Each structure stands twice: as C-alpha cells, then as structure tokens.
Number of protein chains: 2
Amino acid sequence: MKRTRTTVIDIARAAGVSKSTVSLVLQGSPLVNEATRAKVSAVIRELGYVYNRSAANLRQAKSGIVGIVVNDLTNSFFAELAVGMDMVVQSAGYVQFLANTGESVDRQREVIASMREHGIAGLILSPARGTQISDLKPLIDSGIPVVLVVRNLPGAKVSSLLSDNYAGTLQAVEHLVGLGHRRIAFMGGYADTAVFEERVRGYRDALMRAGLPSGDDFIFNSAPSRAGGVAVVEKMLLRAERPTAAVCFNDAVAFGVCDGLRAARMEPGVDFGVVGFDDVIEAKTAVPALTTVSVDPQGMGQRAAQLLLKQINSERAEPEAQLLSVRLVVRESSGIGKNVRNREEHA
Amino acid sequence: MKRTRTTVIDIARAAGVSKSTVSLVLQGSPLVNEATRAKVSAVIRELGYVYNRSAANLRQAKSGIVGIVVNDLTNSFFAELAVGMDMVVQSAGYVQFLANTGESVDRQREVIASMREHGIAGLILSPARGTQISDLKPLIDSGIPVVLVVRNLPGAKVSSLLSDNYAGTLQAVEHLVGLGHRRIAFMGGYADTAVFEERVRGYRDALMRAGLPSGDDFIFNSAPSRAGGVAVVEKMLLRAERPTAAVCFNDAVAFGVCDGLRAARMEPGVDFGVVGFDDVIEAKTAVPALTTVSVDPQGMGQRAAQLLLKQINSERAEPEAQLLSVRLVVRESSGIGKNVRNREEHA
DNA sequence: CTAGTTAATTGGAACGTTCCAAATTTGTCA
DNA sequence: TGACAAATTTGGAACGTTCCAATTAACTAG
C-alpha cells in the first residue's frame, strides 16, 4: 500500500513546524508550546504515524527492550514466571524478547547473541542446565545488567533472585515428620543442578534433626516433570522397604506422583503423603489439593523484572542477590484432614 | 567498561580495509576475497564486535523480528503453542517478541502498537476475547503479514490457522455414543467465542445425527480452566437428570472435571466418561489418561510460524486460511478398557 | 523604546549500518 | 605488451531519529 513509511519529517511538513519540534512533542518535552503540541499530535494521529524506535535508539543508546530467556516454557512454573515478568515489563513501557531454550545451552547462546545484536537494555535469565559462567562472560563485560532467576550460577558477578530452596524442603520434611512419617522420600529432579542440591540439603538436614536416617536410599531422581513423577513411583514400589511419604522436587513431579499412586491403586493423601514445591496455579484446585512449598512464581517473575529495571535505570549498579522466602502451604495431599478445605488461607 | 561500542569502522581500521568491505563480510557476500574475509572475521572475533541490527534495519527495511501475541500463557495449550513457534522462528534466524495479553484487549492494543514501533516483520496473534477486526485495521493496512491462530476473527483479511473444532467435537460425541452414552454434556468455555461456537455446533450435530435430543440443557459454561471444570461438575451434580459423560471445551476443563468427580467420590472413566480437547502434553500421562481430541499445539505453533515466515519472505502474499485436521485419541478417561494402555498409539 | 530574559523553535551533525556507482586491482588472451 | 573483462574494494549518501548550539519570538522591567 504505502510506498514509503511516514516519518517525522512528513509530520513536520504537514503541521508547519520543524522536525525537531515534532521530536520534542514525541518525547513529551515541556519545552513545546501547548498549541503547537496539540496541532502536531493531531497530525500524527491523522497520518497514522508510527514511531521508529530503531532509529531512535541508534541515536540515543537506550533501547526499551529487555530479554527474557527461560529454560522450559512448557513447565507451568516457568510459564507463570514469564507471565509475571511480562506484566511489569509491559507496564514499564518496555517490550520483551522472550525465548525458550528447552535446556539447550547452544540455543541459549544463540538467542542471547541475537538479543544483544538487537540491543537489549537488560536480560533476565533462567539458565539452561549445564550453563557455564564463561557463557555469560562477554554479555556481562559489556555492562548490560543481567538478573539470574530460579537457578544460580555460583561465581558469576551478576544479580540473582532465588527462592529459599533449603528452607522450603526443610519445612516440608518437618511437616511430614510432624504427621508421624518416618520413611520420607525425596522424589524427582536431576542431581546436577544447584536447585536440586539445595533442596536435597534441606531434606537431609531436616531428617537429621529429626533423628532419622538420611542416606541416599530414598532419593529418587527423574525428569522434573509429570511423567518423571509417574516413573518414580513405579521405581519406588519395587522397594522392599517403601517410604510412606515424599517431598517432591517440584509440583509437576508431585502431580505425577499422585497419578502414579492412583495407577497403583493408592490414594495420595491417604495411603501416601505427597508434598510439592512451587505452588503452581493448579496446586490449589487439584484433587487432592496439593500441599506444597509456595514460591509464587508469578510474584517471583515480577520481582525479577523489577530488579532488572532498577539496575537498568541506575547506571553503575552493584549486583544484588535476593533470596525469596518461601512458606509451606498445607492442603490435602500430605495426608491430614481430607475435606478440611478451610485449612487453605488464600481463598 | 567500554566507553563506546566497537563499530564496523573500528573493525575496518584494524583490518586495514574499508567499512564497506566489513559490511560485505558481515553479510556473507560472495564478492569478497577469501583472504580478506578471513582477516576481517578474525578481527571481528578479536575485538568482540557485536552487530547492531537497529542500525542495519534502519537502512534496509527488513527487521528480523516477529511478534507473537497470545491470550493466556498460563494455559499450557498456549505455552506449548508458543514453544512450537519459538522453535521455527529461532531456527529461521529471527527473534521474537512474545507477549501475553491475559485476555485484555487493552493490553493487546498496547503490545501490538509497541511491537510495530520496534519494527516487526510479521505478527502471529491469538486474539484476546472481544477483539474487534477494527483493532487490527491499522496493522493490516500497513502491509505487515499477520497470522491469526487458534481463534478466528471472521471478516479480517489475514491468514489464519485454525483447528477443525467442529470435526473434533463431532468425533468425540460419536465416540461416547458408540460407548452407549445417551446423556452427554458439553462442559466449559465461554459462549461468546468463535471456538466455543464451533465446538458446540459439532456437539449438537453429532447428537442430532445420533437421534438424541440436542437442547441446551446439557451445556455448562465456565472459565476454560481447571478451576472452571471443578465448578462445572458441582453444578452438574445438582441436576435431577444427570449426564453420564461429557465432552469438555479443552483439556484444562477436562482435568478439572476429573478432579471434581473425584471430589464427589466418582471415578472418571468408570462412573463418568470424560473427553477433552487439545491433547496437551500431560493428557497422556494423567491418571486416568485423557481421551481427547488431539490438536498438537506444538505442531500448530510450528505451522503458524512457518506460514508467517512464508508470507514475510514472499511480498504481496495473499491471505491464506489453513484448517488443521484433528483426530480423537482414545485413552482411558472416556470409559472403556481401563488398563488397556496399548490403545495409545504414539508411545 | 531598548536591553535583557525567558520561552519556543530550528537547522545540521551524529548514531551504525547498507547500498550504489565508481574506482582499483587482478587476470586473460591475443 | 595492450586491451578488455572479471574480481574486488571503496567512498559517500541514505535510513529516521535525537541532540546540541544557535536563532527567533515573546515578555519584562527600567
């Protein structure tokens, strides 16, 4: 249709002012007279002008774009995290590149490189498994603020926002011990991640404090997914001495464990106690409702975005490590008071 | 650290060639001599140069960015859709703005405007509820290719990629009828969307063909979410004449219905037949495994992205409407052969 | 009425790239 | 060796904006 896009000069001509004035109007500068501002604004609307941000931030070095890179959007924890970030990023007038790495470091490298070329003002990264600090070196050196979220990269000189994994599983185990369980398993997750390590440490310490054996017998690895949870139950049922309850690596695994239990004709929350981790949105409405360590992924996403924006807006910002406290939300799956729904605090 | 970013001119100086030559190298042009190419490439690596795409597509009108706007990333159907798009978009060397509208037309308008300012080459949109064709008018007029996905906007002159909703529910009902059900409900979804209308039409026609009454008595509206499904079961149980099976608006509702049934001490797949729609990733591993109409969201996302890229690369492309065929995947929740897992074809 | 201020406007340079036309180098063949 | 073609390289203009310094217009006070 349009041969050439309408530019600030076209507006200027049509409004009978100079391009500089139009630019001033565009930026909402107080320098311009009310009358001219109105006139110019009218012309802008009339001609259907669209601002060219590429051109703008070629001149000024600010970009209005933030990058968000997550390792698995299919996992609803990360999806909610992304949604939380999206909210504050949009509201702040930024727009986001959101990319999914699917746990591939290669893809991660590619997308980060691509984002840099497009000139992002900052990056929020939930690193893929196996990410090295060196992978981020050039990015960090360039001075672009980076916020690590969910997963840490120990040694990297960047901000991070992590949940208190250790405290979470600690509380979860204490809860189960309080219910009388003595053989408590840890189910799901890959052993080579920092998150896993922290959660298992909380699990072990809690067992120790309770005077229970804390060997590795009851630690079952699996993919951190629903399917992984199902598989893990099958493995568990082969054991001579079975656990009577489990703290799961995350909610996805916990749901899988519930599925697996039912497939074996056991009722989660009755025959076996299940505690999750994350408190994804379905945890509350599932049947049985999931007892879980609440991380509030959406809130976490918001905080991460806020942290990044803060860093972007203050030059020379020191890296800042935030630890998000968690709390155990007791619902039904851990085994007390089925049908006692009012135990849940937030309606 | 760096006072000023390294530019193509710095490279040129360091390599002893002109900036034009560097540009040629950057674009992989066959015009440049192998020796110089090698030299320049080396310098580029050495100086840690990062390409400035903003500057580039200020000159050439191509942008390398596509916009993706979805209405609810929290819903795993859309999350998977997004992941599918992500795959092909990234592989094609593009990068994506991905925004979530949360069903808000206002936010949708904002993000689309923002994306236009950043110069997207095309847009994939799963419109928020209540989107008007007029909302997209300026975008479409500007000549940017748009692909509508999942939800149609009848009358809009743009490409679309929709699943065959009508055929899907038709098959679902026929399946339930074949199992001997006579009172079949349609559960979940909001009545004011085109998708809902199509699915209900398939439901009605199938009932009619089977000689069953197809009034609105057994149509239950609710949010298209897990919580909505739970709520709908409670409503259903109040009825004097209860249905014995249900086709659900989507898998989320279907899972909610299963939850609700169990809360009422009924076993999905035994006491009540449940069929979903979408075939999200958990449908297969859930217990009971969900009988559902398979849409393959990830594949759909890929096709949508391919369609968009095709339109981008061929100027003057006519809008193209694709209808994605669906097929019923019979698993356990619809009520036959519990424990007959090998009914599932793709392992 | 004039000098001095303040308010409002403006032309041109600059940002980092690509494109074009032209210039230079290299190669080929008689 | 000279003439021509092919291969390679190159300066400058252009893209659409913002910034700066400078100009003009509008006031104010003496």
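Quick caveat, the model's predicted, so the values are computed rather than measured. The chains referred to below are lettered A, B, ... by the order of the sequence lines, with proteins before strands, and numbering in each begins at 1.
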Roughly, in whole Å, what's the span from [atom1] in [X] to [atom2] in [N]?
| X | N | atom1 | atom2 | answer |
| --- | --- | --- | --- | --- |
| B/Arg116 | D/dG16 | CZ | C1' | 16 Å |
| B/Arg13 | C/dG16 | CZ | P | 12 Å |
| A/Asn33 | D/dA26 | CG | C1' | 11 Å |
| A/Arg37 | C/dA8 | CZ | P | 10 Å |
| A/Leu26 | D/dT17 | CG | C1' | 9 Å |
| B/Leu24 | C/dA22 | CG | P | 18 Å |
| A/Leu31 | D/dA26 | CG | C1' | 15 Å |
| B/Glu34 | D/dA7 | CD | P | 14 Å |

Restricting both atoms to N or O, compile the protein contacts to nucleotides 12-15 of chain C shorter than 3.5 Å, with distance only.
unit_1	atom_1	unit_2	atom_2	d
C/dG12	N7	A/Lys19	NZ	3.0
C/dG12	O6	A/Lys19	NZ	2.9
C/dA14	N3	A/Arg59	NE	3.4

Distance-only donor-acceptor check, side chains [X] and [Y], under 3.5 Å:
| X | Y | answer |
| --- | --- | --- |
| A/Gln90 | B/Arg107 | no |
| B/Ser76 | B/Glu80 | no |
| A/Arg59 | B/Ser54 | no |
| B/Thr21 | B/Ser18 | yes |

Side chain of A/Gln27, heavy atoms from C-beta onward: which of D/dC19, D/dT17, D/dT9 has the nearest atom to it? D/dC19
Nucleotide nearest B/Thr7 when distance is taken to its side chain, options D/dG16, C/dG16, C/dT9: C/dG16
What I'd like to find out is whether the side chain of A/Leu136 reaches to under 4.5 Å of the side chain of A/Leu148, using heavy atoms alone. yes
Could you check whether any side-chain heavy atom of A/Arg116 comes within less than 4.5 Å of a side-chain heavy atom of A/Leu123, counting everything from C-beta outward?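 Contact flag for A/Arg116/A/Leu123 side chains = no.
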Which atom names give the shortest non-hydrogen contact between [X] and [Y], and what distance separates them?
| X | Y | value |
| --- | --- | --- |
| A/Ala79 | B/Leu73 | CB-O, 3.8 Å |
| A/Ile144 | A/Gly122 | CG2-CA, 3.6 Å |
| B/Gly119 | B/Ile65 | O-CB, 4.5 Å |

Side-chain N or O of B/Ser23 less than 4.0 angstrom from OP1 or OP2 on C/dT18?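 Result: yes.
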For A/Thr21 and C/dT10, is the shortest distance between a side-chain N/O and OP1 or OP2 below 4.0 Å?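 So the side-chain polar atoms of A/Thr21 do come within 4.0 Å of the phosphate oxygens OP1 or OP2 of C/dT10, strictly under.
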Look at all strands and tell whether A/Thr36 reaches a base, only sugar-phosphate, or nothing, counting heavy atoms closer than 4.0 Å. sugar-phosphate
Identify each atom pair where a protein N or O and an N or O of nucleotides 26-28 of chain C are less than 3.5 Å apart, giving names and distance.
none

